[in-house]
Amino acid sequence: MAHDSRGTSPATPLWRFTLRQFFIGIALIALSCVALRGASSWWVSAMLGLTLFVLTTSLLLVAYRRGSERAYWAGFAIFGWVYVLMLILGWTMDAGPLRTTSLFTDKLSRVSYDWLYAKATTSAMAGSSSGGYGSSSFGSGGYGEMGVGMQAGDMSGEGGYGSSMPGGAGPFGAPPGYGGMGSMPPPAFPPSKDHFANVAHGVWALLLAACGGWLARLIYVTQPRDSAVAST
């Protein structure tokens with residue numbers, strides 16, 4: 001009779017990490033933080049590609065692994081793909097409980113965005129409405145229509161460091177209130193909320209997949225031994 005290694009045996013630890021898995025986890029956490037901090041259309045595409053790559057690879061690992069590792073990757077694939085399919089379904093719906101904006105993860109992501117960037121957004125909007133860094137002594141269109149020896153159009157023909165309109169965008173597409181010379185770096189303007197939420201969906205998919213994998217492994221390891229079918 002073949003020995004069944006399943007069950008709550010001291011030889012089969014439930015929570016087991018290798019050094020490689022630990023470093024991969026740290027790298028994914030760091031990548032997620034960077035992607036959320038600088039959320040853009042590029043980061044949305046990158047996180048989507050990474051998520052689909054990892055979830056597709058998990059299907060191969062289900063086929064070519066055995067025992068508790070196979071159980072882990074099965075749970076990983078199921079939870080991850082179910083979440084992705086829910087997102088796809090939600091994006092195609094204009095109303096209903098399954099639309100993306102009704103998901104708890106989407107609401108939590110947007111609340112997190114508001115909590116993280118509320119002050120930055122308020123400051124940016126206030127700076128835009130008042131002409132950025134400009135004031136009555138520096139001119140209303142950025143760093144100088146009047147004052148500090150820079151008259152409008154002295155160098156760029158576009159109103160010095162600012163534009164001829166209060167809080168103008170400048171010829172090089174700088175943020176409102178900064179003008180177009182590019183001599184000063186733009187502020188850390190908060191990313192788009194939609195980009196932030198879409199990047200967060202990729203992070204949520206991988207996080208929920210990992211939780212599903214550990215749940216599946218827990219179910220596999222803790223099942224009674226006498227419930228397994230013995231092979232002779």
Side-chain angles (χ1 to χ4, degrees), residues 21-62 72-129 169 172-178 185-216:
Q21 292 171 339
F22 175 78
F23 283 122
I24 290 176
I26 294 297
L28 289 176
I29 293 174
L31 178 63
S32 299
C33 292
V34 172
L36 290 171
R37 176 61 180 85
S40 65
S41 58
W42 286 99
W43 275 117
V44 172
S45 300
M47 289 302 298
L48 174 63
L50 176 64
T51 301
L52 294 179
F53 173 78
V54 173
L55 293 179
T56 303
T57 303
S58 67
L59 297 177
L60 297 176
L61 292 171
V62 171
Y72 174 85
W73 289 112
F76 188 98
I78 291 172
F79 275 66
W81 280 113
V82 166
Y83 185 76
V84 170
L85 292 176
M86 288 182 63
L87 290 177
I88 295 174
L89 178 63
W91 286 328
T92 61
M93 299 178 63
D94 296 329
L98 292 180
R99 60 181 177 176
T100 304
T101 54
S102 298
L103 295 177
F104 175 77
T105 52
D106 187 84
K107 293 182 180 296
L108 184 59
S109 299
R110 295 180 184 275
V111 169
S112 300
Y113 176 93
D114 293 334
W115 179 74
L116 290 171
Y117 294 110
K119 184 176 180 180
T121 302
T122 303
S123 301
M125 293 177 65
S128 176
S129 62
F172 293 101
Y178 274 80
F189 198 81
S192 165
K193 181 181 287 190
D194 289 335
H195 288 158
F196 183 91
N198 288 331
V199 170
H201 283 311
V203 178
W204 280 116
L206 296 178
L207 179 61
L208 292 175
C211 293
W214 286 112
L215 177 61

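For this chain, numbers begin at 1 and follow the sequence in order.
Taking 4.5 Å as the limit, some side-chain heavy atom of W43 sits within range of a side-chain heavy atom of V34. Between L52 and W81 there is a side-chain heavy-atom pair separated by less than 4.5 Å. Contact annotation: the side chain of L36 never approaches that of L116 to less than 4.5 Å [non-hydrogen atoms, C-beta and beyond].
Between L28 atom CG and C33 atom SG the span is 11.0 Å, to the nearest 0.5 Å. The CG atom of L207 sits 9.0 Å away from atom OG of S32, with the distance rounded to the nearest 0.5 Å. Separation of atoms CD1 (I88) and OG1 (T100) is listed at 10.0 Å; rounding is to 0.5 Å. Within the model, atoms CG of L208 and CZ of F79 stand 8.5 Å from one another, a figure rounded to the nearest 0.5 Å. Note: L103 CG to L108 CG = 11.5 Å, rounded to the nearest 0.5 Å. In this structure, OH on Y72 lies 9.5 Å from OG on S58, to the nearest 0.5 angstrom.
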After noting the C-alpha distance and the side-chain angles of F76 and V54, does the key distance pass the side-chain contact (heavy atoms from CB on, under 4.5 Å) rule?
CA-CA 10 Å; F76 188 98; V54 173; 3.7 Å; yes
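Put simply, the side chain of T56 never gets that close to the backbone of F53: no donor and acceptor are under 3.5 Å apart.
For W42, the CH2 atom sits in a loose shell: 12 or fewer heavy atoms of surrounding residues, nucleotides or ligands are nearer than 6.0 Å.
Considering all non-hydrogen atoms of both residues, S40 and H195 come closest at CA-ND1, 3.7 Å.
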Just distance, no hydrogens or angles: give the donor-acceptor pairs under 3.5 Å from side chains in residues 196-203, sequence neighbours left out.
unit_1, atom_1, unit_2, atom_2, d
N198, ND2, D194, O, 3.2
H201, ND1, Y83, OH, 2.9
H201, NE2, D106, OD1, 3.0

